[in-house]
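Heads up, the thing below is written out as structure tokens.
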Amino acid sequence: MTRTSPPAKPMSGSSADAEGRNQGGGGGGTANASPSEIAREALRQLAVKRVPPTPDNYRELYYQISGSIADEAFPVRALKAIASSLPRSTPESLRLAQQFERGVASGQWPALKQAVLALCEGRDSEQRQWSPLIRELTQQLERRHLGITQARKRDALEHVLGTNAAADQLHMRLSALVRSWSQTEDDPAVKLAAPVADKLSAASGVADKDINGKALTALLNKVLTRGIVALAENNQQLANEAQAIAAALGAVSPGHDLAPLIEQVDHLLARAEWEGEERQTIRAALLNLLHLIIDNIRELVIDDSWLHGQLAVISEVFVNPLDIRLLDEVEHRLRDVIQKQGHLKRQLSDAQQRLKSMLAGFIDQLSAFSATTGDYELVLGRSADRIAQAKDISELSDVIDEILRETHNTRESAIRSGEELSSLREQVSSANQHILRLQRELDETSEMVRHDPLTGALNRKGLDEALAREISRMRRLGTSLCLSLLDIDNFKQINDQHGHVVGDDALRHLAGVIRDTLRPQDAVARYGGEEFLILLPETDLDQANAILVRLQRELTRRFFLANEQRLLITFSAGVACLDPDEDPLIAIDRADKAMYTAKRAGKNRVINAL
Ligand SMILES: Nc1nc2c(ncn2[C@@H]2O[C@H](COP(=O)(O)OP(=O)(O)OP(=O)(O)O)[C@@H](O)[C@H]2O)c(=O)[nH]1
């Protein structure tokens, strides 16, 4: 291929630009013709062929005539147009556009090639920058910002996306949006609720945030209507506010700005906190008052050991953290104290009344006796005068008769007084005995009120109270309540071999091990001779079974000593869980049947009831 000079354009203008820039060779077909001859011939053919004399047509004919190949012209103008439309919004895109411009200005294909390659690479790397932006965008969309609702965020995003901006501009605008969100604080209310939302999401297996949002709203509604309203039982205003916020929450539609509601909830919670603190203070003051009253009663009843015992138990309750079961126990004990005090007061006033009337009788007797002896003294004085003045024996015999008669009367009266006084003394002593007997009877009955005197476990009355209390707790709190009936194995044998006293000790031992093994909230009652019933609140059937098995193991560790001989006490047990609406007697019956199944199956085992 021969290199030719660029054909001069027939018209002036851009030909100068083209000159010297064309590279590569062109061969002459008319090898001997000079360029000007070829040019002339090309113009002639344009006219002959009636081809429009455009530069391109001229150039084509020129090369046909010369028989050479046209060097491609460097398309400066077109390239400049491209350069002007290159993006320059980011420093990087500006740098690339300028490099491209320099490539065009150089008129050199290699420089332009470099600029185009850099441009392509820049595009690639810009493409790669979208990934972190999209990741950050989704994160910020999910975050809950203080003062920016989700709806507002969606609107802003919609606005940016809806502008049909070029990719780099879109990138720039989205970056700015995401940056503004990321610089906004998190909403603390949502921070608090987040773990709950996560739990709900995990529990339901649904990651949908809308569903979580609804669940959270429902949850908050419950907190307000049940939690706060219950807490504010003595503060109607607080309760009303909680109800009002709950109602407003129920009316919230998607996209609603929650910020004012969140602020109200914040305020409400602060007031509920004060309410709680005030209650704590009142509770502490009431406890102090109760302490004071108990101390005073204790000082007043110096001689009553029973009352002292009861009061000691009550005082103990306040040493430990308050517990509803213990308070229930205190209430029952206080009732017993009040009842006992009432009895004692009545007895005391009866006894006082009787002693008063006895004393009055005694004084009457004394004065009657002294009146009699006073008369006797008068008679004696008078008789002495008459004896001194008597002139003969016959006069004396009248005096002696009178003395004898008065002496006899006085003696009769003294005997009568003595008898009456000793009868009075007997009455006082019998009244005292009566008071003592009453006192003893009261002591015994009060001890028997709710506990079995042999084992210290609850008796039937105590069991009934504990059952009623636990069933109502179960229904109120929706918890589970299990019970177990256990019966000592071969107890008759223990009695027969070691005697009844050892049998009693064995019962006491078992009751002690049960008490030590169970939790404080569990209750144990003696249900029959060698039968015990255990109440296990907040326990399901498997847990109850495991507790009884643990009790069996504990009994193998803690031997019972019968006359220094180690005896292994075992039991068979049936376990049943109460259905919320079930009659407790039916549940006990089910446990009883399971216990008999355990006996028939070989004893020393625990079986769950059907
Ligand atoms: N020492 C003593 N024995 C009692 C008391 N109450 C019941 N018993 C005795 O407990 C025994 C129960 O005997 P059974 O009903 O035959 O039962 P068992 O020997 O344990 O046999 P299984 O239950 O089949 O293992 C009887 O001998 C009763 O007299 C009590 O308060 N003290």
Side-chain angles (χ1 to χ4, degrees), residues 440-441 443-467 482-518 522-536 541 544-576 584-610:
R440 222 178 15 254
E441 268 174 28
D443 284 358
E444 280 167 13
T445 32
S446 57
E447 267 171 24
M448 302 275 288
V449 172
R450 279 173 297 117
H451 290 93
D452 164 47
L454 177 68
T455 60
L458 295 173
N459 60 14
R460 284 296 180 107
K461 185 173 188 284
L463 174 66
D464 287 348
E465 284 172 5
L467 251 179
C482 278
L483 53 85
S484 174
L485 196 70
L486 65 88
D487 184 285
I488 303 180
D489 295 328
N490 310 317
F491 191 56
K492 187 169 180 311
Q493 213 172 304
I494 297 177
N495 269 334
D496 291 349
Q497 283 179 3
H498 304 277
H500 213 264
V501 175
V502 170
D504 284 357
D505 285 347
L507 289 171
R508 267 194 287 267
H509 175 77
L510 174 63
V513 175
I514 296 175
R515 260 196 306 272
D516 294 348
T517 310
L518 297 186
D522 301 330
V524 51
R526 192 169 174 203
Y527 199 65
E530 80 288 20
E531 272 185 347
F532 289 87
L533 197 134
I534 295 173
L535 288 185
L536 301 161
L541 196 60
N545 189 297
I547 290 171
L548 268 291
V549 171
R550 197 173 73 225
L551 184 59
Q552 285 184 312
R553 271 206 305 275
E554 195 57 29
L555 274 171
T556 62
R557 271 197 284 272
R558 288 170 59 172
F559 283 108
F560 168 62
L561 284 178
N563 303 322
E564 297 184 355
Q565 184 190 340
R566 283 178 164 194
L567 279 188
L568 175 63
I569 298 176
T570 66
F571 64 78
S572 304
V575 183
L585 290 179
I586 292 178
I588 294 174
D589 189 51
R590 291 194 292 120
D592 193 37
K593 287 195 172 87
M595 189 265 288
Y596 274 104
T597 309
K599 288 270 184 194
R600 281 199 303 276
K603 304 186 182 179
N604 192 18
R605 61 199 65 209
V606 180
I607 290 192
N608 290 348
L610 296 172

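Both ligands and their constituent atoms are indexed starting at 1 by order of listing.
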>> For atom 9 (C) of ligand 1, tell me which residue out of Asp504, Ile494, Asp452, Asn495 has the closest non-hydrogen atom.
In response: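 Looking at heavy atoms only, the winner is Asn495.
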>> For atom 30 (C) of ligand 1, tell me which residue out of Glu530, Met595, Arg526, Arg600 has the closest non-hydrogen atom.
In response: Arg526
Indicate yes or no for a side-chain donor-acceptor contact from [X] to the backbone of [Y] under 3.5 Å, with no hydrogens or angles considered.
X	Y	result
Arg605	Lys603	yes
Gln552	Thr570	no
Thr517	Leu551	no

Min N/O separation [X] to ligand 1 under 3.5 Å:
X	result
Lys599	yes
Leu507	no
Ile488	yes

Can you tell me the protein heavy atom closest to [atom] and the distance?
atom	result
atom 6 (N) of ligand 1	Gly529 CA, 3.3 Å
atom 10 (O) of ligand 1	Phe491 CD2, 3.0 Å
atom 16 (O) of ligand 1	Lys492 CD, 3.9 Å

> Judged by modelled atom types alone, do Asn545 and Asn608 share a side-chain donor-acceptor pair under 3.5 Å?
Replying inline: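 Yes - a donor-acceptor pair under 3.5 Å links their side chains.
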> Looking only at heavy atoms, is any part of Asn490 under 4.0 Å from ligand 1, and if so is it the side chain, the backbone, or both, or is it neither?
Replying inline: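 For Asn490, the contact with ligand 1 is made by both the backbone and the side chain.
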> Which bit of Glu531 is near ligand 1, meaning a heavy atom under 4.0 Å away: side chain, backbone, both or neither?
Replying inline: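 Neither part.
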Flag the pair [X] and [Y] as a salt bridge only when some basic side-chain nitrogen lies within less than 4.0 angstrom of an acidic carboxylate oxygen.
X	Y	answer
Asp589	Lys593	yes
Glu465	Lys461	yes
Asp489	Lys599	yes

>> According to ring-ring contact (aromatic ring centres under 6.0 Å, His included), does anything in residues 487-509 pair up with another residue at least two apart or in another chain? List the pairs.
In response: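 Those involving residues 487-509 are His509-Phe560.
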Show the atoms of ligand 1 that are less than 4.0 angstrom away from any heavy atom in [X].
X	answer
Lys603	22 (P), 24 (O), 25 (O)
Gly503	1 (N)
Asp489	20 (O), 25 (O)
Asp487	23 (O)

> With Ala544, which residues qualify under side chain to side chain contact (heavy atoms under 4.5 Å, CB included), at least two apart?
Replying inline: Cys482, Leu536, Thr539, Val575
